[in-house]
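What you see below is based on every heavy atom in this structure, not just the backbone, and it leaves out hydrogens, waters and symmetry mates. A, B, ... follow the sequence lines: proteins, then strands. Residue 1 opens every chain.
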Protein chains: 2
Amino acid sequence: MKRGRDGLIQAKHTQSIKKVTDGSILTPKGYKAGGIHSGLRYRKKDFALLMSETPASVAAVYTQSHFQAPPLQVTQESIAGQGKIQSVVINSAVANACTGEEGLANAYEMRGMVATRFHIPDEYVAIASTGVIGEQLPMDKIAYGCETVEATEDGNQDFQQAILTTDTCQKSACYQVQVDGKTVSIGGAAKGSGMIHPNMATMLGFITTDATIDSDALQKALSPSIEKSFNQITVDGETSTNDMVLTLANGAVEHATLTEDHPDWDAFQTALQLVCEDLAKQIAKDGEGATKLIEVEVTGARTDEEARMIGKKVVGSSLVKTAVYGLDANWGRIVGAIGHSEAEVDPSRCDIYIEDQLVFSHGTPCPFSEEQATEDLDNEKVKFFIHLDEGDGEGTAWGCDLTYDYVKINASYRT
Amino acid sequence: MKRGRDGLIQAKHTQSIKKVTDGSILTPKGYKAGGIHSGLRYRKKDFALLMSETPASVAAVYTQSHFQAPPLQVTQESIAGQGKIQSVVINSAVANACTGEEGLANAYEMRGMVATRFHIPDEYVAIASTGVIGEQLPMDKIAYGCETVEATEDGNQDFQQAILTTDTCQKSACYQVQVDGKTVSIGGAAKGSGMIHPNMATMLGFITTDATIDSDALQKALSPSIEKSFNQITVDGETSTNDMVLTLANGAVEHATLTEDHPDWDAFQTALQLVCEDLAKQIAKDGEGATKLIEVEVTGARTDEEARMIGKKVVGSSLVKTAVYGLDANWGRIVGAIGHSEAEVDPSRCDIYIEDQLVFSHGTPCPFSEEQATEDLDNEKVKFFIHLDEGDGEGTAWGCDLTYDYVKINASYRT
């Protein structure tokens, strides 16, 4: 049977989409970025700025947590203004979450300082914060950052560095796509998991494109991309107060405005999704203490949504995660996670593969090479494939293994 | 403010309910039990039998997994017959799950052998299996068990031992309650978490009572008890293919048949719930690698269901679990788990206590003694209390900490 969707969506648009190695948020035309050390962290960069030459169309997706942090509230207010953003400013170290009225006032002040400095309206400024929750922003350092940080044409590495907290590496991605025969770039930077007391995993994503598209259409392209990427990764099932993915489109490449009726809409949406997926996988792989990226692909579900739900259940299972860490070809735990899902599953029709080996067929285990399975699990990327034979729904989820280091990092931070 | 429900439901019926220390499934009149080594496990007891002198009313709750194992199917069929059960037979070591047609035939055969030996109808026999999944029952050993196991008046310890897999201790509980001025006993035995390859956590509970009650009423008493006990514990969020709680009531104590209209109904239902809660807490505390029982009590939710949902989210959070292991008074992770829940929460009204200390009030952190908190966390039982100020809903959930040993047990079983 045909297994795997790898490259499938890309293959559909092979002619028009290509990955840009070493591309970033500054590959699209008309953007500058930078990052500095403002004193919020001990030595590392902690203050980042992204600027578009012109006010850009904007789309965003926010955390589903009930405890949305003040910076998210302020950014949503900015976007609601004109539907345009020109400047994005981000601090790490302090998340400005669970900070009440004072935290909200500080978030407004941070936005205002950037607007004043660059002579743009407040509502053209988006802000984000990540780090410790429950502490107020040290406004002297924030003021220093707002007044000092510079955006340049080659500041992408500084930007990528300054938004990190406990991430072990920078995360960036870039794809190019042909729209009306012109090359449009989509670049992204992200930070991922890292929970240090009393911090939480905050996922932030910043995506730039020089495509010409209005904010509503951009949101239509972004939302499904997020569903299939950032929302399909799990490190430990937690959701942060500060999660946000923000996308700017400044129209620096002139072409017929992208709408769902444009002949290149699908290619553009696919390229945006590939950027999101690329960043999401980098975040999953950099989960705390993780040694492996786990990918779970589900086909034959009743709907795409159910396929994604099952994939996420499997990749989020502590038992599956520890089994992968232990190089244990433990199909029983995959069965357990599938059975535990809310999606409709008929066990007697279910097949499970560990990499290329069928290990569970139509509801019962089948013989396989344990040796080969152990070898397959001993890689940086491990793939499980599940076919349900219920319909045409398909989806993929990504996560990481659960290791001694996860417990160590999260249990012993303060001891 | 009034905090804590500990003893509250008991207090309501103080006169009529009392806990029986060292009580068991054999404290109620008219039952016998036993357990032997049938050869399924290397040396430990692995085959258990529970007998009622007379056919007993029966109520049961089963796993929600899509992959229900054959023994559960056969037991459900037995119960559907006359609504009476007289004999329960359980094997450990092999779960008879994911075993297809052959597994179902073996389950019927196991039931049949017990029925034949004791000269009772097949449908008076319930069966249960726990252990490795994906393997067929070795029917020679099952046959030996069915022919050899004896039920006696003091066989409760053997029974309790024989149903265990990787549990580190036996689990039993007993409460007595006055019905029409007569003493009715409710006893229980359980096994809990333990996932060894390719095994899964199977939770089995067996409850006996000498109350006079028909099966429908018994089910009405059992279902809400399960909701507030077994369904409120989590070790690692997994659900087994074989989970089951079975309750027998043989009417050995004669009183007016218990129905919801009986003046002692509430007391009886409460006592049954206390047995379930007692067993559930023992299971949570004996989670793999666990060093502590974590109790999360939620009040002020819109509904009891939402309170239970939030409690379970908090107690199931890997970040909360590792923080407790690390003696880290990390209220931020509790906030994260609450925010992540699907229940309705207004952060600005939310209070969080670690034991007796208020650490988070109306959406913002408040000063507390870290020293006291560390001391409070350094106990075998740790309690978090969350008040939402949204309504009158309340509920409690139980779990355990996430430790190096959890990873070790689950990652290194086969290496």
Any chance CD of B:E101 has more than 12 other-residue heavy atoms, nucleotides or ligands included, within less than 6.0 Å?
no
Can you tell which part of B:A97 gets under 4.5 Å to a heavy atom of chain A, answering side chain, backbone, both or neither?
neither
Set of residues satisfying side chain to side chain donor-acceptor pair (under 3.5 Å) with respect to A:E380, sequence neighbours excluded
A:K285
Are B:I354 and B:F384 close enough that some pair of their side-chain heavy atoms sits under 4.5 Å apart?
yes
Interchain contact, A:T99 with chain B, by part (heavy-atom threshold 4.5 Å)
backbone
Under 3.5 Å donor-acceptor, B:D401 side chain and B:K292 backbone:
yes
Count the heavy-atom pairs under 4.5 Å between each of A:A343, A:C350, A:G100 and chain B, then report the option with the highest count.
A:A343
Applying a strict 4.5 Å limit to non-hydrogen atoms, the region of A:S348 in contact with chain B is neither
